[in-house]
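Worksheet: the structure to be examined is printed underneath.
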Amino acid sequence: MIMCKISIVMPVYNKEKYIARGIHSILVQTFKDWELIIIDDGSTDGSLNQCKKFRDSRIQVFHTLNRGVSEARNLGISKATGEYITFIDSDDFVAENYLCLLYTSPSPRDPKT
């Protein structure tokens, strides 16, 4: 199993109009050691097709029956190989330095900070 630094879990349900912008915002991250795990939670619109349009080895797309966002996130967690996990909603997009800041920011629990 190939491990990465950050696994991004993105549950998707009927967000055809928004999903491409969110995925693109991950593709342009300055921090490159990530994987994107997209869980299509039984969408009835074109969300799944939008997700499959992106050709990048760091993106995995899974389709399940509609069971809700919690189940979709849990499935994403089970597929994750990253040292860290973050969640991004399918109708959101993030700044290009989001993952870099997330990875390099000191933990509030770290006694050295």
[atom1]/[X] to [atom2]/[Y] distance, rounded to the nearest 0.5 angstrom?
X: Ile59; Y: Leu36; atom1: CD1; atom2: CG; answer: 5.5 Å
X: Ser47; Y: Lys52; atom1: OG; atom2: NZ; answer: 12.0 Å
X: Cys51; Y: Asp40; atom1: SG; atom2: CG; answer: 6.0 Å
X: Ser90; Y: Tyr13; atom1: OG; atom2: OH; answer: 11.5 Å
X: Ser25; Y: Ile88; atom1: OG; atom2: CD1; answer: 6.0 Å
X: Ile8; Y: Met10; atom1: CD1; atom2: CE; answer: 7.5 Å

Residue list, side-chain hydrogen bond (donor to acceptor under 3.5 Å, both in side chains) with Ser7, at least two apart or on another chain:
Glu35
Among residues at least two apart in sequence or on other chains, which ones pass side-chain hydrogen bond (donor to acceptor under 3.5 Å, both in side chains) with Thr44?
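If we apply the side-chain hydrogen bond (donor to acceptor under 3.5 Å, both in side chains) test to Thr44, skipping adjacent residues, the hits are Asn14.
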Least distance between heavy atoms, Trp34 atom then Cys4 atom
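Closest heavy-atom pair between Trp34 and Cys4: C-SG, 4.1 Å.
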What pair of heavy atoms forms the shortest contact from Ala20 to Gln50, and how long is it?
CB-OE1, 3.9 Å
Less than 4.0 Å between a side-chain N and a carboxylate O, is that true for Lys15 and Asp41?
no
Is the CZ atom of Phe31 crowded by more than 12 outside heavy atoms at less than 6.0 Å?
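Atom CZ in Phe31 is crowded, with more than 12 foreign heavy atoms closer than 6.0 Å.
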Is it true that atom CD of Glu96 has more than 12 heavy atoms of other residues, nucleotides or ligands lying nearer than 6.0 Å?
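Atom CD in Glu96 is not crowded, with 12 or fewer foreign heavy atoms closer than 6.0 Å.
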Phe62 six-ring centre to Lys79 NZ/CZ under 6.0 Å and within 45° of normal:
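Lys79 over Phe62 ring: yes.
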Carefully, step by step, assess Phe87 and Arg73 under the rule side chain to side chain contact (heavy atoms under 4.5 Å, CB included).
CA-CA 8 Å; Phe87 300 97; Arg73 284 186 177 148; 3.8 Å; yes
Check step by step if side chain to side chain contact (heavy atoms under 4.5 Å, CB included) holds for Ile6 and Ile85.
CA-CA 6 Å; Ile6 301 176; Ile85 297 175; over 6 Å; no
Considering only distance and modelled atom types, tabulate donor-acceptor pairs under 3.5 Å from the side chains of residues 97-104, sequence neighbours left out.
from   : atom 1 : to     : atom 2 : distance (Å)
Tyr98  : OH     : Thr86  : OG1    : 2.9
Thr104 : OG1    : Cys100 : O      : 2.7

